[in-house]
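This is the structure I want to talk about, given as structure tokens.
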2 protein chains.
Amino acid sequence: MNMHITRKVDYAVRCVLFLARNNDRISSVDEISGEMSVPKTFLAKILQRLMKTGIVNSTRGVKGGFQLARGPQEISLLNVVEAIDGAVAMNVCAVDKKMCGFSASCSVHPVWVELREDIRNRLKRWDFAKLAVIKKYQRVIKRDCH
Amino acid sequence: MNMHITRKVDYAVRCVLFLARNNDRISSVDEISGEMSVPKTFLAKILQRLMKTGIVNSTRGVKGGFQLARGPQEISLLNVVEAIDGAVAMNVCAVDKKMCGFSASCSVHPVWVELREDIRNRLKRWDFAKLAVIKKYQRVIKRDCH
DNA sequence: TTTAAATAGGACTAATTTAGTCCTATTTAA
DNA sequence: TTAAATAGGACTAAATTAGTCCTATTTAAA
């Protein structure tokens, strides 16, 4: 069970957190990547994904950049995680039984299904309005802890 | 967030499940790997690990093999998962804050800690006595669903 | 209308992790 | 003594992650 979050998810979360805290204006990739210590071109990709999944809006051209597509309280951690990684699950059968000929007779299957629900519920409970007020990220440190 | 279980964990779980169902005797790697559709040499490594972490006992030599080191009801899914993958966590900071200079000021940190506890609790609740009685694995299918 | 600052997106590469294999040594029942 | 088993180190292959790089497009402002 490799349950570590990927950098991609970590970066996406940081990024949305930054946008939540600066939602009165448009922020460029350059600015976000600088503030949140994320490689610029990589962050650009991540923002494209967040854009496609309707979490952020983009403005092209000079003075362009990104902004949350809806209020921070309307964006859950689960939204961001699933935007980047797709469906959260320990294995595909927990999402769709049909993906696994085994599942019908697999003793462990119900456990993975439960676990998936636990995780999704927990991630659903946290929105970026809540997260944004907890404490500010420090800018000194280059990378996070996974 | 890559939360898929690894084959290693999947194999380990299947393997312990098999041993739980045949705990009246010693089973060889050859037998288990055949019955549970797991590559033999790889399974041998996994069993070595389960051995070191005190989940199974081994007997060497002719008629040797493996057996659970304690009753199936004394072995949780968490035991097996952590035996193979080490501490269950979304990131190292949730296990030990010191691993991340960031965590003290990281808004998301408390979420990962909560989530880790959710997952561990769920996995702790399932033991192999419970799992063993649910239903038998079918032998036809070659691999599981992650 | 040109320019420069920005996003969009495809194609590629490097690094890391996962999933194994292979070989030799050791143990032990028959 | 032999053959069937585990023990364990070293190695390799495949897959995934974590990026980079380049070109195209958009748009505010000079």
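It should be emphasised that the depicted structure is a prediction, and the values quoted were computed from it without experimental measurement.
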Sugar-phosphate, base or nothing in reach of A:Gly61, heavy atoms under 4.0 Å: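 A:Gly61: base contact, heavy atoms under 4.0 Å.
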
Nearest-0.5 Å distance that lies between atom OH in A:Tyr11 and atom CG in A:Leu43: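 Here the rounded value is 9.5 Å.
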
Gap separating the CH2 atom of B:Trp112 from the CD1 atom of A:Ile5, nearest 0.5 angstrom: 4.5 Å

Which nucleotide in D:dA18, D:dT6, C:dG20 has an atom nearest any side-chain atom of A:Thr6: D:dA18

Between D:dA7 (P) and B:Phe42 (CZ): distance, integer Å: 17 Å

Length of the line joining A:Lys8:NZ and D:dG19:C1', which is rounded to integer Å: 9 Å

Phosphate contact (C:dG20 OP1 or OP2) by B:Tyr11 side-chain N/O below 4.0 Å: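 Yes, B:Tyr11 has a side-chain N/O under 4.0 Å of OP1/OP2 on C:dG20.
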
Rounded distance (nearest 0.5 Å) linking atom CE of A:Met36 with atom CG of A:Asp10: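 Atom-to-atom, A:Met36:CE and A:Asp10:CG are 9.5 Å apart.
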
Salt bridge flag under 4.0 Å for residues A:Arg125 and B:Glu114: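 Salt bridge absent between A:Arg125 and B:Glu114.
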
Qualifying residue for side chain to side chain contact (heavy atoms under 4.5 Å, CB included) with B:Ile84, from B:Leu50, B:Ile55, B:Asn79: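 Exactly one candidate clears the test, B:Leu50.
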
Which nucleotides of DNA chain C pair, in dot-bracket form (Watson-Crick or G-U under 3.5 Å, | meaning another strand): ||||||||||||||||||||||||||||||

Under-4.0 Å salt bridge between B:Lys8 and B:Asp85: no

Integer-rounded Å distance: C:dT7 P and A:Ile32 CD1: 8 Å

Step-by-step side chain to side chain contact (heavy atoms under 4.5 Å, CB included) determination, B:Ile26 to B:Phe66: CA-CA 5 Å; B:Ile26 285 178; B:Phe66 297 87; 6.0 Å; no

Between C1' of D:dT17 and CD1 of A:Ile84, the distance in whole Å: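 Going from A:Ile84 (CD1) to D:dT17 (C1'), I get 13 Å.
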
Rounded distance in Å - CG (A:Leu43) to P (D:dT20):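 Result: 11 Å.
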
Spacing of A:Lys40 atom NZ relative to C:dT7 atom P, expressed in whole Å: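 One finds 7 Å between P of C:dT7 and NZ of A:Lys40, rounded.
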
Length of the line joining A:Ile26:CD1 and D:dT27:C1', which is rounded to integer Å: 12 Å

Phosphate OP1/OP2 of D:dA4 contacted by B:Lys63 side-chain N/O (<4.0 Å): no

Nucleotide of C:dT21, D:dG19, C:dT7 approaching A:Val29 most closely (side-chain heavy atoms):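 The closest nucleotide is C:dT7.
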
Phosphate OP1/OP2 of C:dC22 contacted by B:Thr41 side-chain N/O (<4.0 Å):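 No, outside the criterion.
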
Under-4.0 Å salt bridge between B:Arg122 and B:Asp118: no

Atom pair CG (B:Asp127) and OG (B:Ser76), whose distance is rounded to the nearest 0.5 Å: 8.0 Å

Members of residues 44-60 of chain A that approach DNA chain D, where some heavy atom sits under 4.0 Å away: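 Of all residues in residues 44-60 of chain A, the ones placing a heavy atom under 4.0 Å from DNA chain D are A:Lys45, A:Arg60.
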
Out of C:dT28, D:dT27, D:dT6, whichever nucleotide has its closest atom nearest the side chain of A:Val62: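 Selected nucleotide (nearest to the side chain): D:dT27.
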
All pairs passing side chain to side chain donor-acceptor pair (under 3.5 Å) where residues 43-56 of chain A contributes a residue, at least two apart: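 Residue pairs with at least one partner in residues 43-56 of chain A: there are none.
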
Gap between atoms NE2 and C1', on A:His4 and C:dT16 respectively (whole Å): 14 Å

